[in-house]
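Chain letters run A, B, ... following the sequence lines, proteins first, then strands; residues in each count from 1.
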Amino acid sequence: MDIQMDNILEVRQLSKRYPKSEFALNKVSFSLPYGSILGLVGENGAGKTTAISCILNTVQKDSGTIRLFGREMSDGDTDIREKIGVVYDGENFPVDWTASQLAKVMDGLYAKWDHALFQMYLKDFRLPEHQKIKHYSKGMSMKLAIAAALSRRPQLLVLDEATGGLDPATRDEILDVFLGFVQDESHSVLLSSHITSDLEKIADYITFLRNGSLIMNVSKNDLVYRYAVMRCRESQFLALDPDDILAFRKRDFQTDVLVADGKAAARKYKDIVIDHASIDEIMLLLTKGGQT
Amino acid sequence: MKGLLKNNYYTVLPNAKIFSAAAVLSGIFVLAIGHGMSWLIIGYMLLVMIGFSFSSLAGIRKENTTKWSRHKLCAPVRRSDIIKSLFLSQLLWLAAGAAFAGIDIALAVMLHGYPFDRATDVFMLYVAGIGISLFMGAVFFPLFFLGGDERNEIFLLFSLLGGTGIFMGLTAWMNHLFPAGMTPLQIIGSGMMILVCGVLAFAASCPLTVWIFRKKEY
């Protein structure tokens, strides 16, 4: 995916090293066009949260550039942060607060805070306004965080593992809200998750991270229509052209091989079974499998 | 700044509600049985002034148990404004404590007459309450942002003891400068010097905390 001027977010060669750990984000680049949803995928510790923290300036990058709305964001660029809604996994707000108190704080922090919209979300999500957040279920807390993020009327929604731990019905409800959000072409969503089915449902682009490095950056259409998994026997696997293999994983009686162009592979290897690749399978192959 | 002050207010509110109720009840107790027991009024005045300040500092720690501290950094506010709002909030809670102390001493005077030996004693009690609170805040804020979350309790205790220690040290120094038999003017002058030291320490702590917080990663 090329970085263009019509991107709401552009990340170029982003690096971040934590001195007290061996983890480092290593020259990661990706971009998020207006009107789309980008899923940041990777196993735990892959660097998703570090990348998001660098984007949001809650940690300082070592090198690289991050452009939000065409500009690098510094501490003083409060106008950029006005346009960003953020939802984290877990408890987003002090648990002693009520939704009503949260709204008063948000109203003071955000110039475009829309109290009527917040009330509408509270009603739609069936969230009691005067109950302390600590008495909310996990799903309710997450809905409140999403309601608060959307009621700022942001253009960019950043969600760090925001759907983790939710039941399927609640997740579905929330994913629909995100899809509704990007109906406006000036809006975008950056969603980090290791629940690949969520991304399969809503993401336009998928960025895979592993051990702090970018391993794949593709549109979901490419994943669905181009990428494929070949189910090879041992002898078939050994006969493959190494240039065709993106990743492979040996199983009991077969070896799964990820290829970038399923149709080309079908033409080249006529006797091998080729299946469409799910994001889940691609992630498994890229993170757990071997590479040539 | 308005949103940050509201944030700080709601963060401290649960503690402050409990402390306010305790302050009202103990204030009534002091007024009811405090006739001729000036030490009760002294204790009450110091308790409410230092206690409200302490509650405001203790409340801040709760933000770090959730992702809210990260959220604040994503809000359209500067890091320096977040710190300034914390300092301002502590002053407001100190003012609330001073108001409680003032109401109680005023009622005590009305009900039982002036409870102390010297006219300057009330002033010096305010100097003690405000001075210790300011020194406590000046010590706590930089330590809070410098140290890890797991050390917050010890920093809170350390700042309370540190604030009290600095005040005691300055008082001892004033007594050394003005030996026994201080005139009211000397007492007020000493008190003013301690207050000025407290204000300077508090004011100097703010940019130091901003400097530390700018480097802080969440």
What do you reckon, is [atom1] of [X] surrounded by more than 12 foreign heavy atoms closer than 6.0 Å?
X	atom1	result
A:Lys134	NZ	yes
B:Ile154	CD1	no
B:Met1	CE	yes
B:Met168	CE	no
A:Met140	CE	yes
B:Phe158	CZ	no
A:Phe181	CZ	yes

Open item on the list: Let's test your reading of the structure: which of A:Ser53, A:Gly85, A:Ser74, A:Gly76 forms the most heavy-atom pairs below 4.5 Å with chain B?
Closed with: A:Gly76
Open item on the list: Please identify, among B:Gly3, B:Pro76, B:Ser69, the residue contributing the most non-hydrogen atom pairs under 4.5 Å to chain A.
Closed with: B:Pro76
- [ ] Could you check which of B:Lys2, B:Lys6, B:Arg78, B:Lys215 has the highest count of heavy-atom pairs closer than 4.5 Å to chain A?
- [x] B:Arg78
Measure [X] against the heavy atoms of chain B and call it side chain, backbone, both or neither at under 4.5 Å.
X	result
A:Lys112	neither
A:Asn57	backbone
A:Thr98	neither

Rounded to the nearest 0.5 Å, how far does [atom2] of [Y] lie from [atom1] of [X]?
X	Y	atom1	atom2	answer
A:Met106	B:Asn7	CE	CG	9.0 Å
B:Ile82	A:Asp75	CD1	CG	8.0 Å
B:His71	A:Phe93	NE2	CZ	5.0 Å
A:Thr58	B:Lys72	OG1	NZ	14.0 Å

TODO: Kindly say whether B:Trp68 contributes a backbone atom to a donor-acceptor pair with the side chain of A:Glu91 at under 3.5 angstrom?
DONE: no
TODO: Dump the intermediate steps for side-chain contact (heavy atoms from CB on, under 4.5 Å) on A:Gln101 and B:Leu13, then the final yes or no.
DONE: CA-CA 11 Å; A:Gln101 290 172 335; B:Leu13 191 60; 3.9 Å; yes
TODO: May I ask you to test the B:Val77-A:Leu109 pair for a side-chain heavy-atom distance under 4.5 Å?
DONE: yes
